Amino acid sequence: FFDLADVFLQREEYEALVERLQGHAEEIAGHILATIARYATDEMRKEPFRDRVSFTAGWGIAGWATQATAGINLEHYKDDYERLLATLTHETFHRFQLQVCPAEPTVIERARSFEDLTRFPFPDERDRKFYEVLSYIFLEGTATFVAPSHPPEDLEASRERGIELLRECFASIYEQGNLERADELVNEGLRSNGPFYWLGAYMAERIVQEYGPEALGRSLKEGGPGFFREYLSTQPPEELRWGPEIEVKVAGLVPGAS
């Protein structure tokens with residue numbers, strides 16, 4: 001428990017931090033909800049959104065969102081309130097996605113999980129896997145755009161690597177039939193705030209620039225392939241596209257598309 005030594009040695013400072021967070025709970029909640037509401041549609045704003053946030057110490061990762069709660073490890077932030085708020089907003093946006101994004105159609109009576117947001121029962125196993133890839137880029141990318149934290153030193157290189165990984169995923173799935181390799185590539189794209197975060201964030205930025213903040217909310221309702229299709233409609237630069245073969249496949253994976 002080396003991490004808890006930090007709390008032990010700075011007990012007064014952590015006590016002051018907790019008291020400050022408690023004393024400004026309404027302002028913190030207002031900041032987070034106002035940020036999310038900016039990118040919601042009018043229809044979404046009519047639905048109640050209540051959330052739970054866990055403040056912890058002794059966890060390895062900095063922030064997270066699960067089916068049960070959004071969470072943050074105070075040891076990673078201490079009194080760096082700008083970073084702390086960005087992470088809280090990012091993780092709460094993930095919880096908002098659980099409420100508004102399309103889920104695997106058989107999810108009716110039980111609470112949605114994030115895995116449900118990445119699944120669609122296509123007959124072809126390869127389509128199911130590629131839908132999952134697109135969905136992870138969509139979910140992490142939109143949350144990163146709304147509340148970015150820890151950007152890489154070279155954003156352009158990170159986006160370009162994200163496109164390379166997407167192309168490699170496509171080849172692994174449809175040309176080589178190697179779904180395990182696709183999983184490895186997805187892990188690389190997502191690991192430690194990886195390239196898929198920043199590729200997806202750029203896509204969200206293009207959509208908002210072209211169609212306004214509420215367009216991001218409309219994209220949330222369409223899921224991963226719909227988000228990709230919306231991005232392509234903004235006519236992005238050629239170097240930030242991924243090729244006609246993938247674009248055709250993306251269009252065909254939008255549920256309900258003809």
Side-chain angles (χ1 to χ4, degrees), residues 1-7 10 13-40 49-101 111-118 135-153 155 158 162 186-202 204-205 216 220:
F1 295 102
F2 289 102
D3 51 349
L4 294 181
D6 184 64
V7 179
Q10 302 184 81
E13 291 85 349
Y14 273 104
E15 183 178 5
L17 170 63
V18 170
E19 289 179 354
R20 188 175 178 89
L21 292 172
Q22 289 176 329
H24 294 272
E26 289 189 10
E27 293 95 326
I28 292 170
H31 171 82
I32 293 171
L33 294 175
T35 303
I36 293 174
R38 173 174 167 77
Y39 301 103
F49 176 64
R50 300 179 181 88
D51 200 27
R52 172 182 175 178
V53 177
S54 299
F55 293 87
T56 73
W59 289 65
I61 58 176
W64 60 90
T66 67
Q67 189 173 348
T69 181
I72 192 168
N73 181 355
L74 291 178
E75 293 172 77
H76 285 256
Y77 301 94
K78 299 182 173 65
D79 57 358
D80 186 343
Y81 295 108
E82 183 175 348
R83 288 182 58 235
L84 188 151
L85 280 172
T87 301
L88 282 176
T89 305
H90 179 104
E91 303 302 348
T92 305
F93 191 80
H94 279 316
R95 297 274 297 163
F96 181 65
Q97 290 169 338
L98 274 178
Q99 178 171 306
V100 302
C101 292
R112 294 175 168 199
S113 69
F114 284 103
E115 288 75 17
D116 293 325
L117 305 187
T118 68
S135 297
Y136 277 120
I137 297 172
F138 154 66
L139 292 170
E140 291 296 355
T142 52
T144 299
F145 168 73
V146 169
S149 59
H150 312 299
E153 291 185 7
L155 267 175
S158 184
V186 169
N187 287 337
E188 179 183 341
L190 297 176
R191 188 184 301 117
S192 300
N193 211 21
F196 279 165
Y197 283 74
W198 301 99
L199 171 60
Y202 175 77
E205 181 182 354
L216 190 63
L220 293 180

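All values reported here derive from a predicted model rather than from experimental measurement.
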Just jot down the side-chain hydrogen bond (donor to acceptor under 3.5 Å, both in side chains) partners of Y136, sequence neighbours excluded, or say none.
none
For atom CD of E27, decide whether the heavy atoms of other residues, nucleotides or ligands shown that lie under 6.0 angstrom number more than 12.
yes
Side-chain contact, heavy-atom cut-off 4.5 Å: I28 with L85?
yes
Taking every heavy atom of E205 against every heavy atom of F145, the minimum-distance pair comes out as CA-CE1, 3.6 Å
Salt bridge (Lys or Arg N to Asp or Glu O under 4.0 Å) partners of E188, counting only residues at least two apart:
R161
One pair to check against side-chain contact (heavy atoms from CB on, under 4.5 Å): N73 and W64. What are the steps and the verdict?
CA-CA 9 Å; N73 181 355; W64 60 90; 4.2 Å; yes
Ring centroid separation for Y39 and F93, is it under 6.0 angstrom?
no
Tell me, please, which residues at least two apart from E91 pass side-chain hydrogen bond (donor to acceptor under 3.5 Å, both in side chains).
none
Polar side-chain atom of T69 near backbone of R52 as donor-acceptor pair, under 3.5 Å
yes
Heavy-atom side-chain contact between I32 and V53 under 4.5 Å:
no
Looking at W198 and T144, would you say the former's side chain and the latter's main chain have a donor-acceptor pair under 3.5 Å?
no
Is there a side-chain contact between L21 and L74 in this structure, where contact means two heavy atoms from C-beta onward sitting under 4.5 Å apart?
yes
Does the T87 side chain pair with the main chain of L84, one donor and one acceptor, at a distance under 3.5 Å?
no
Quick one: sort the F114 and H94 rings into parallel, tilted or perpendicular, breaks at 30° and 60°.
perpendicular
In chain order, what residues pass the ring-ring contact (aromatic ring centres under 6.0 Å, His included) check against Y81, with sequence neighbours excluded?
none
Please check if the side chain of T66 supplies one atom and the backbone of A68 the other of a donor-acceptor pair under 3.5 Å.
yes
Looking only at heavy atoms, what is the nearest atom pair of Q97 and L117, with distance?
O-CD1, 3.9 Å
Mind checking what makes side-chain hydrogen bond (donor to acceptor under 3.5 Å, both in side chains) contact with T56, not counting sequence neighbours?
none
Report the C-alpha separation of Y14 and D6 in whole Å, then their side-chain angles, then the decisive distance to 0.1 Å, and conclude whether the side-chain contact (heavy atoms from CB on, under 4.5 Å) test is met.
CA-CA 9 Å; Y14 273 104; D6 184 64; 2.3 Å; yes
What I'd like to find out is whether the side chain of R50 reaches to under 4.5 Å of the side chain of R95, using heavy atoms alone.
no
Suppose we screen for salt bridge (Lys or Arg N to Asp or Glu O under 4.0 Å). Which residues come up paired with D80, at least two apart in sequence or across chains?
R83
Closest non-hydrogen atom pair, A86 against A147:
O-CB, 3.4 Å
Correct closest heavy-atom pair for V7 and A57 would be CG2-CB, 4.1 Å
Does some side-chain heavy atom of F49 sit less than 4.5 Å from a side-chain heavy atom of T92?
yes
Going by atom types alone, do T89 and T35 pair a side-chain donor with an acceptor below 3.5 Å?
no
First locate atom CZ of R20, then atom CD of Q22, and finally report the distance between them rounded to the nearest 0.5 Å.
13.0 Å
Specify the closest pair of heavy atoms between G162 and F196, including all atoms of both residues, with the distance to one decimal.
O-CE2, 3.3 Å
